[in-house]
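See below for the structure under consideration.
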Number of protein chains: 2
Amino acid sequence: MAGRADSGKTAESSDKVSVICRALRRAIIEQALEPGAKLPEDSLGERFGVSRTIARHALGQLAAEGLVELRRNRIAVVATPSWQEARDAFDIRIELERLVVRQLAGKLTKAQIAELTAHVDAEDRARDGSDAVSIRLATEFHILLAHMTNSPILVRYVSEVAYRCCLTLSLYSRPHSSECAINEHRAIIAALAKGDVDKVMGLMHSHLDSVATRALVAPSPQRGRDLLDILAPYADEASGEKMVKLPKAARR
Amino acid sequence: MAGRADSGKTAESSDKVSVICRALRRAIIEQALEPGAKLPEDSLGERFGVSRTIARHALGQLAAEGLVELRRNRIAVVATPSWQEARDAFDIRIELERLVVRQLAGKLTKAQIAELTAHVDAEDRARDGSDAVSIRLATEFHILLAHMTNSPILVRYVSEVAYRCCLTLSLYSRPHSSECAINEHRAIIAALAKGDVDKVMGLMHSHLDSVATRALVAPSPQRGRDLLDILAPYADEASGEKMVKLPKAARR
DNA sequence: GGCGCTCGAATTGCATGCAGTTTGAGCCAC
DNA sequence: GTGGCTCAAACTGCATGCAATTCGAGCGCC
């Protein structure tokens with residue numbers, strides 16, 4: 001067994017806030033909610049049958065995870081990470097997941113290996129379905145790995161950063177490319193089972209790196225969704241006190 | 001300049017919630033609030049001149065950062081990480097900070113190097129003061145480094161995990177040992193300035209590793225604060241539905 | 001004296017209400 | 001038409017109120 005005692009749950013349990021968080025998180029990573037989508041407190045509250053207070057609290061949590069952007073007196077929106085932030089997220093993710101597989105190599109039980117294999121099989125079966133589901137399953141594979149370290153902190157960070165990466169994929173990725181990724185998952189499982197630490201760390205590194213470079217196509221100027229997003233940072237500058245009035249264009 | 005554009009602020013700005021978060025965070029890492037200290041919503045609200053709603057929201061944010069433990073219907077307390085969690089936090093921190101210095105090596109401006117040096121000087125001057133302040137300054141040195149990457153995500157993760165480590169130091173550390181750490185900080189600055197990537201990554205690794213192993217003395221059984229804490233996990237098990245009544249000792 | 005029980009005080013979970021800000025649709029002048 | 005202005009609706013920021021739960025001091029029993 002690759003274990004220590006569990007006890008998990010950082011702040012996630014069964015209260016209404018957590019339920020809403022989970023629902024929104026999933027909606028976001030499945031792209032049911034695209035980056036930039038508005039998330040008014042009332043609507044959320046109504047949709048989930050709770051008061052604004054609760055919806056608001058949930059948005060706060062998701063903002064802390066970087067999935068939602070919260071600006072004072074403004075409606076909350078699904079986060080729209082910049083290209084650079086996306087690249088940063090992947091860099092961090094690579095380090096964290098190398099740590100995961102380093103801890104896991106050669107320490108997995110047969111049951112755990114079976115669980116991983118089953119998950120990848122599920123990914124395989126979902127290949128015909130929507131891209132969104134494929135992406136979600138691929139992400140969940142990595143989170144499943146993190147869980148097996150039994151380190152709640154590691155689980156939290158890997159989950160967060162993986163969700164963020166997932167979000168950026170929906171922004172900057174083209175058609176999609178999960179076919180090969182599935183085989184890479186299988187290779188990682190094999191190397192983990194074999195206990196080859198260096199090999200599995202290398203595999204994980206190149207796996208994530210290739211996903212990143214394949215998806216985050218280029219530092220080429222024009223890849224933002226639309227002018228609105230492109231102009232957003234300038235608007236932000238303006239809200240930072242000084243600067244006259246003059247934005248007469250750039251409404252909507 | 002080692003930069004890209006900033007824009008930062010994940011969810012931290014100037015609303016009352018953030019103010020309370022910052023205050024509590026600082027109080028926690030300076031050990032004004034020890035692990036296990038109670039944080040009732042009313043008291044916080046009263047103390048900061050806000051309503052319970054706001055205090056509650058702030059506690060939610062801090063819980064997301066792992067500095068506060070939130071259990072349903074129970075009073076919030078400053079987090080009391082287990083020894084294993086502390087070790088995990090340090091492992092993650094090592095990887096993240098290696099990434100920081102890797103990005104920074106040879107790319108710092110003279111002004112930035114001066115800023116870092118000034119900070120370490122401040123650490124030096126604070127050596128006679130309380131341990132709490134020394135620890136805080138040492139932690140802030142690392143966060144300052146992270147800021148210089150201009151990667152908001154990296155800043156956030158390094159900050160969080162550094163605060164967590166800070167928290168565990170107050171739990172498991174003995175007298176204190178920052179004297180040598182200060183010199184290690186200077187060495188890191190020098191290596192960064194010189195642009196020696198491998199050297200600085202090695203320095204950071206051994207720096208953090210030595211802090212961790214010096215502080216987190218041993219996996220020896222008895223280091224929890226008191227019986228209450230030791231019994232806490234068992235109580236948790238019990239609250240997980242089954243298990244009869246029987247805990248008759250272990251009140252307070 | 002120690003142990004368990006009971007009940008009031010303390011505290012949380014959540015909804016609602018009010019004030020201030022932002023949004024954007026319509027209107028007017030050009 | 002085009003650009004700017006106005007104002008009501010939409011929305012957020014925050015406090016307060018009420019029900020449900022937990023805490024803990026005191027009381028009775030062994």
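In what follows, chains are A, B, ... by sequence order, proteins preceding strands, each numbered from 1.
For B:Thr53, the listed nucleotide lying nearest its side chain is D:dA15; candidates were D:dA15, D:dC11, C:dC14. In this structure, of C:dC14, D:dG13, C:dT12, it is C:dT12 that holds the atom nearest to the side chain of B:Glu41. The side chain of A:Ser51 approaches C:dC14 more closely than any other nucleotide in the set D:dC11, D:dG13, C:dC14. Here the nucleotide nearest the side chain of A:Asn73, chosen from D:dT21, D:dC14, D:dT12, is D:dT12. Nearest to the side-chain atoms of A:Arg74 among the listed nucleotides C:dT22, D:dG13, C:dA15 stands C:dT22.
The side chain of B:Arg56 places no N or O atom within less than 4.0 Å of a non-bridging phosphate oxygen (OP1 or OP2) of C:dT12. Dashed line: the shortest gap from a side-chain N or O of B:Lys38 to OP1 or OP2 of D:dG24 is under 4.0 Å.
Counting to the nearest Å, the C1' atom of C:dT11 and the CG atom of B:Leu39 are 13 Å from each other. When rounded to the nearest whole Å, the span between CD1 of B:Ile75 and C1' of D:dT21 equals 13 Å. At whole-Å resolution of the value, CG in A:Leu44 and P in C:dA15 are 13 Å apart. Between the P atom of D:dA20 and the NZ atom of A:Lys16 lies a distance of 12 Å, rounded to the nearest Å. Straight-line distance from the CZ atom of B:Arg72 to the C1' atom of D:dA20: 10 Å, rounded to whole Å. Between the P atom of D:dG13 and the CD atom of B:Gln61 lies a distance of 12 Å, rounded to the nearest Å. We find that CZ of A:Arg71 is positioned 18 Å from P of C:dT21, with the value rounded to whole Å. One atom, CG of A:Leu70, and another, C1' of C:dT22, lie 15 Å apart when rounded to the nearest Å.
Using a 30° and 60° split on the angle between ring planes, B:His57 and A:His57 fall in the perpendicular class, above 60°.
Side-chain atoms of A:Glu97 and A:Val158, non-hydrogen and from C-beta on, do get closer than 4.5 Å to each other.
Without hydrogens or angle criteria, B:Glu160 side chain to B:Gly66 main chain gives no donor-acceptor distance under 3.5 Å. Checked by atom type and distance alone, the side chain of A:Gln61 never pairs as donor or acceptor with a backbone atom of B:Ala64 at under 3.5 Å. Counting only distance, with no hydrogens or angles, the side chain of A:Arg164 and the backbone of A:Glu65 share a donor-acceptor pair below 3.5 Å.
Residue-to-nucleotide proximity on DNA chain C shows that, of A:Arg52 and B:Asp42, the 5′-proximal contact is made by B:Asp42.
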